[in-house]
Amino acid sequence: MPRDPERRSRTLPFDLRGGGRPPRSASSQLSRVLLGFLSVLVFAVTAGGWAVYTYANGRIGQVNLDLGDDRPEESEGATNFLLVGTDSRAGLEGQRSDTTILAHFGEDETVTMLSIPRDTYVTIPEYTDTDGRKHARHKAKFNSAISDGGPSLLVRTIESLTNMRIDHYVSMDLAGFKSITDAIGGVDVCVLPSDHKEFVAENGRTSRNTNDPMSGFVGGPGTVHVGGEQALAFVRQRHGLPGGDMDRIRRQQQFMGAVFHKVVGGGVLTNPSQLEQLLSTATGALTLDDNTDLLDLRKLATRLKGIASGGVGMQTLPTHPPTRAEGAVNDRGEILVGGQRVSVQFYNPADLERIVAPLGGSTGSAPGAGGGADATEVAVQVFNGSGIAGLAADAVDELNGKGFRATNAGNASTSNYVTSRVRFGTGLDAAAATLQTLVPGARLESDPGIDGLQLILGSSFDGIADVPVTAPAAAPAATGAETAAAGTTAAGTVPGAPAPPAAATPPPPPNCTY
């Protein structure tokens, strides 16, 4: 659809600094870093009225996606957003995608979000680079798509993988964290002591979660105040973290939760000067396709209000390091690409089919192929690795209540686990991923010697999540109290103007992570 030409021209007769007073609180914390970013931005803009909207919308970068005609059909009544976190705002080649989420809004009001790990080994469609050189269809890491061919190639890669048409592209510069943190005076984050050995890179440098020469982050364990370069280093670190990229995502989630809390509860929204600086910084880190603007982002943020309460289906494509039988040249799961050793993650097309088929997509694979057993049909041994009495027994009761075949296997070999683990045997990737969704923060570990699934509970375990086992739940409708709490700006309601998102109590400071 073409952009509404009047969207940029509607303004109010008041200056940005004299805009309406924003509500005292904002929508509940979103659990993904990109969604937290959007929530802060959208709330600040819609709370300020049309003058703020016009100012902010005019500062957002845009990119033209030249996708051609060979694309999936449009979905009747459904909308797909592609949310990308990059290390560069440039809408051209050379940037890298650290976080990629396909957000599907179904016709039935359900919301499903699919995260694709950056190192997943996928097929990249043919493309022509900016120098006019043609590149044939080939296999490569997923995050190489945007690096080699820009946003257009990334979108085409997603559409090729899922046969789902992307309607809106939203890219956020992760380096913008530095400027955002400076604009609000820094935030407090919490770093846990690591429960694993130090990471030694191939260049000989030693990295720990509290002192990483690769990213430059130094701090903790405990509460650390970060701003500027340390904020950027905190969200970029992956070496020295027990879960690598997955722990980096959790760090980014914690960071955005801290930013959200500071903005909402720290008075930023009621300080015109700080609000203007925040808006300028946040919008400067955004890039949208030329058919998307802030009104579309408001719809996105509104639909995702249920994410914190489990009303949004959150899924991650299950991956694993390739084995020697799958072509790995060593036990580290590296393969040879162009004569170079490359560390990648493999996925089972049947797992992707199981996720995208209910969303109207397709990979051409049978959902049950490749040993994708139903998680509730697989035996689950639950071990207590925390030293907290009764933890395993409680988890077994909760899992059995959800239809699992869970048994209490007693204490683990050690009692100093902090992060829970889901260990799985050959062919049980999908079942393990399902169990992982019920244990927030748990890490997946493949072990061919395991028969079935093992759940080792760490001290951070806080019960089995109350989310569906097989299908995502519909996002809950806003209550009357939420609607009333939204309020209006001091300048009054403008016909056709977006109202602020439904409000709730500001979220508490974030929990610790590695």
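Annotation: side chain of Leu438 is in contact with side chain of Phe404 (closest heavy-atom distance under 4.5 Å). Using a 4.5 Å cut-off on side-chain heavy atoms (C-beta onward), Tyr121 and Ile335 make contact. Using a 4.5 Å cut-off on side-chain heavy atoms (C-beta onward), Val224 and Asp188 make no contact. Looking only at side-chain heavy atoms (C-beta outward), Ser343 and Arg332 stay at 4.5 Å or farther from each other. Contact of the His168 side chain with the Leu288 side chain is not registered, since no non-hydrogen atoms from C-beta on lie closer than 4.5 Å. Side-chain contact between Val342 and Leu336: absent, with no pair of heavy atoms (C-beta onward) separated by less than 4.5 Å. Residues Arg208 and Asn211 are in side-chain contact: their nearest non-hydrogen atoms beyond the backbone lie under 4.5 Å apart. At a threshold of 4.5 Å between non-hydrogen side-chain atoms, the residues His104 and Thr79 do not count as touching.
Here the CD-CZ distance, from Gln454 to Arg423, works out to 6.5 Å after rounding to the nearest 0.5 Å. Here Ile116 contributes atom CD1 and Ile158 contributes atom CD1; the two are 3.5 Å apart, rounded to the nearest 0.5 Å. For the atom pair Asn143 CG and Lys141 NZ, the distance stands at 6.5 Å (nearest 0.5 Å). The line from CG of Leu102 to OG of Ser115 is 9.5 Å long, rounded to the nearest 0.5 Å. The CG atom of Leu114 sits 9.0 Å away from the CD1 atom of Ile101 when rounded to the nearest 0.5 Å. Taking OG of Ser144 as the reference point, atom NZ of Lys139 lies at 11.0 Å (rounded to 0.5 Å).
Between the side chain of Asp182 and the backbone N or O of Gly186, no donor-acceptor pair lies under 3.5 Å. Looking at Asp119, its side chain never comes within 3.5 Å of a backbone N or O of Gln345 through a donor-acceptor pair. Panel note: side chain Arg421, backbone Thr419; a donor-acceptor pair is recorded below 3.5 Å. The closest donor-acceptor contact from the side chain of Ser420 to the backbone of Gly458 lies under 3.5 Å. The closest donor-acceptor contact from the side chain of Gln237 to the backbone of His239 lies under 3.5 Å.
Checked for salt-bridge contact, Arg324 and Asp331 meet the test: a charged N lies under 4.0 Å from a carboxylate O.
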Run the numbers on Thr181 and Gln230 for side-chain contact (heavy atoms from CB on, under 4.5 Å), then give the verdict.
CA-CA 10 Å; Thr181 314; Gln230 278 297 291; over 6 Å; no
Evaluate the side-chain contact (heavy atoms from CB on, under 4.5 Å) criterion for residues Leu399 and Leu455: first the C-alpha distance (whole Å), next the side-chain angles of each, then the deciding distance (0.1 Å), finally the verdict. CA-CA 11 Å; Leu399 286 172; Leu455 172 59; 4.0 Å; yes
Q. How far apart are the C-alpha atoms of Ile124 and Asp148, what are their side-chain angles, what is the distance that settles it, and do they pass the side-chain contact (heavy atoms from CB on, under 4.5 Å) test?
A. CA-CA 10 Å; Ile124 306 294; Asp148 294 341; over 6 Å; no
key: Pair Gln381-Thr407, side-chain hydrogen bond (donor to acceptor under 3.5 Å, both in side chains): steps then yes or no   = CA-CA 5 Å; Gln381 293 179 297; Thr407 58; 5.4 Å; no
| said: Checking Arg137 against Thr123 for the side-chain contact (heavy atoms from CB on, under 4.5 Å) test, could you report, in this order, the C-alpha distance in whole Å, the side-chain angles of both residues, the deciding distance, and whether it holds? | reply: CA-CA 7 Å; Arg137 189 170 178 262; Thr123 299; 3.5 Å; yes
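A pairwise comparison of heavy atoms in Asp289 and Tyr169 identifies OD2-N, 2.7 Å as the closest pair. In this structure, Ser207 and Pro213 approach most closely via the heavy-atom pair CA-CD, 3.9 Å. Between Arg354 and Pro318 the shortest heavy-atom distance is NH2-CG, 4.0 Å. In this structure, Phe461 and Ile464 approach most closely via the heavy-atom pair CZ-N, 3.7 Å. Smallest separation of non-hydrogen atoms from Met164 and Gly361: CG-CA, 3.5 Å. Contact detail for Leu192 and Val418: the closest heavy-atom pair is CD1-CG1, 3.8 Å.
Listed by first and then second residue, the salt bridge (Lys or Arg N to Asp or Glu O under 4.0 Å) pairs that reach into residues 151-161 are Arg71-Glu159, sequence neighbours excluded.
Residues satisfying the salt bridge (charged side-chain N to carboxylate O under 4.0 Å, His left out) test with Asp167, not counting sequence neighbours, are none.
The neighbour count for Asp462 CG, taken as heavy atoms of other residues, nucleotides or ligands under 6.0 Å away, does not exceed 12.
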Mind listing the side-chain donor-acceptor pairs of residues 382-393 below 3.5 Å, one per line with the distance, residues two or more places apart or on another chain?
from	atom 1	to	atom 2	distance (Å)
Asn384	OD1	Ser386	N	3.0
Asn384	OD1	Ser386	OG	2.7
Asn384	ND2	Ile388	O	2.7
Ser386	OG	Ile388	N	3.0

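The side-chain tip of Arg251 points at the ring of Phe217 from less than 6.0 angstrom away and within 45° of straight on.
When each of Thr363, Thr120, Val122 is checked for a side-chain contact (heavy atoms from CB on, under 4.5 Å) with Leu352, only Thr363 meets the rule.
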